[in-house]
K.L.:
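Attaching a single structure in structure tokens format; questions to follow.
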Amino acid sequence: MSTAKPTPPRFDASFKEGFAELVRWRRDVRRFRRDPVAPELIEHLLALAAHAPSVGFCQPWRFVLVESAVRRAAVIENFRSANQAALAGYDGERRALYAGLKLEGLTQAPVHLAVCADEGAATGHRLGRATMPETLRYSVVAAIQTFWLAARAEGLGVGWVSILDPLAVCRQLELPSDWTLIAYLCVGWPEEEHDDPELERHGWEARLEQSVIEPLKR
Ligand SMILES: Cc1cc2nc3c(=O)[nH]c(=O)nc-3n(C[C@H](O)[C@H](O)[C@H](O)COP(=O)(O)O)c2cc1C
């Protein structure tokens, strides 16, 4: 057995610049070309996502590729009714603005990925979860963010759809009873690329001033 340790990488200035660009150009994408994405590329991205941090190293993420046309149609219908209900919660100008937003790319995206938390995961031996059980789900979000950045580095777009009845999605996908839905992701080649959020471009919300995120000191 080899005892040689891998040499830690040094991230040079050009890598750091590239990484900052990646962060700035990662976007939530809802407009996809229909061209397929190679399954090996998705596998590669999922393998990277599995390097995300997780509470107690419990690795609770479960990725479900939704390929059946029938199941996809059920999720699209699920979105339509959830979105109608969400629209009903707004009035006046905000309602008109909401109605004009494109909030998913379910019909065009070549890849649908349901990302779940295995609430019954025995891995990690409950470390950290006794005090903050929600950290199990946070760990799945960490994997999603890793996937999102890795996908963008490959030129792929990712769109997070949360306007869904999550229990109905679990039923529609026949998921194990102790899995919860954390995200339903649309993945594919973007039709357009932007360095600003779609919700900002369409007047829904503005980016906060830098001063707002200055750390408070105690
Ligand atoms: C937890 C979560 C849920 C989201 N759900 C939706 C959604 O249902 N529909 C949508 O259009 N965007 C959704 N988004 C994307 C946000 O709208 C988007 O991240 C935000 O507007 C900022 O844009 P950006 O991701 O391009 O920077 C979601 C993002 C997060 C983190």
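Both counts, for ligands and for their atoms, begin at 1 and track the order of listing.
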K.L.:
Is the Y184 ring parallel, tilted or perpendicular to the H112 ring (thresholds 30°, 60°)?
P.N.:
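Perpendicular.
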
K.L.:
Any nitrogen or oxygen of L199, side chain or backbone, less than 3.5 Å from one on ligand 1?
P.N.:
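Between L199 and ligand 1, no N or O pair is found under 3.5 Å apart.
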
K.L.:
Got a second to check how far L113's CG is from E67's CD, nearest 0.5 Å?
P.N.:
10.0 Å

K.L.:
Any carboxylate oxygen within less than 4.0 angstrom of a Lys/Arg side-chain nitrogen, looking at R30 and D28?
P.N.:
yes

K.L.:
Nearest heavy-atom pair of T180 and R137: which atoms, and what distance?
P.N.:
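Of all heavy-atom pairs spanning T180 and R137, the closest is CG2-NH2, 3.5 Å.
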
K.L.:
When you measure from atom 4 (C) of ligand 1 to every protein heavy atom, which one gives the shortest distance, and what is it?
P.N.:
S162 OG, 3.5 Å

K.L.:
Do V141 and L136 sit in one hydrophobic cluster, given that two such residues count as connected whenever their side-chain heavy atoms are within less than 4.5 Å of each other, even indirectly?
P.N.:
no

K.L.:
What protein heavy atom sits nearest atom 9 (N) of ligand 1, and how far away is it?
P.N.:
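For atom 9 (N) of ligand 1, the nearest protein heavy atom comes out as L103 O, 3.0 Å.
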
K.L.:
Could you tell me the residue and atom name of the protein heavy atom closest to atom 23 (O) of ligand 1, and the distance to it rounded to 0.1 Å?
P.N.:
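Protein heavy atom at minimum distance: P197 CB, 3.2 Å.
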
K.L.:
May I have the step-by-step check of side-chain contact (heavy atoms from CB on, under 4.5 Å) for R31 and E198, ending in yes or no?
P.N.:
CA-CA 10 Å; R31 296 159 207 278; E198 172 138 351; 2.4 Å; yes

K.L.:
Show the atoms of ligand 1 that are less than 4.0 angstrom away from any heavy atom in I163.
P.N.:
8 (O)

K.L.:
Flag W148 as yes when one of its N or O atoms lies below 3.5 Å from any N or O atom of ligand 1, and as no otherwise.
P.N.:
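Among all N and O atoms of W148, none is under 3.5 Å from an N or O of ligand 1.
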
K.L.:
Please list, in number order, the atoms of ligand 1 under 4.0 Å from a heavy atom of V161.
P.N.:
7 (C), 8 (O)

K.L.:
Check if E200 has a non-hydrogen atom at a distance under 4.0 Å from any atom of ligand 1.
P.N.:
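Contact absent.
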
K.L.:
Which heavy atom of G155 sits nearest to which heavy atom of P190, and what is that distance?
P.N.:
O-CD, 3.2 Å

K.L.:
List the closest protein heavy-atom neighbour of atom 18 (C) of ligand 1: residue, atom name, distance to the nearest 0.1 Å.
P.N.:
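Ranking protein heavy atoms by distance from atom 18 (C) of ligand 1, first comes D28 CB, 3.9 Å.
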
K.L.:
What are the two closest heavy atoms between C186 and G105, and how far apart are they?
P.N.:
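Scanning both residues completely, I find the closest heavy atoms to be SG-C, 3.8 Å.
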
K.L.:
So which protein heavy atom does atom 6 (C) of ligand 1 come closest to, and at what separation?
P.N.:
W160 O, 2.8 Å

K.L.:
Check each of R27, E198, R30 against atom 17 (O) of ligand 1 and report the one with the nearest heavy atom.
P.N.:
R30

K.L.:
Is there any N or O on R207 that sits under 3.5 Å from an N or O of ligand 1?
P.N.:
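Looking only at distances, the answer is no, because the N/O contact criterion of under 3.5 Å is not met.
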
K.L.:
Under 3.5 Å, N or O to N or O, is R26 touching ligand 1 that way?
P.N.:
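It does: an N or O of R26 is found under 3.5 Å from an N or O of ligand 1.
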
K.L.:
Just to confirm, does any protein heavy atom lie below 4.0 Å from atom 20 (C) of ligand 1?
P.N.:
no

K.L.:
Should the ring pair F15 and F19 be called parallel, tilted or perpendicular, given that the plane angle runs from 0 to 90° and is split at 30 and 60?
P.N.:
parallel

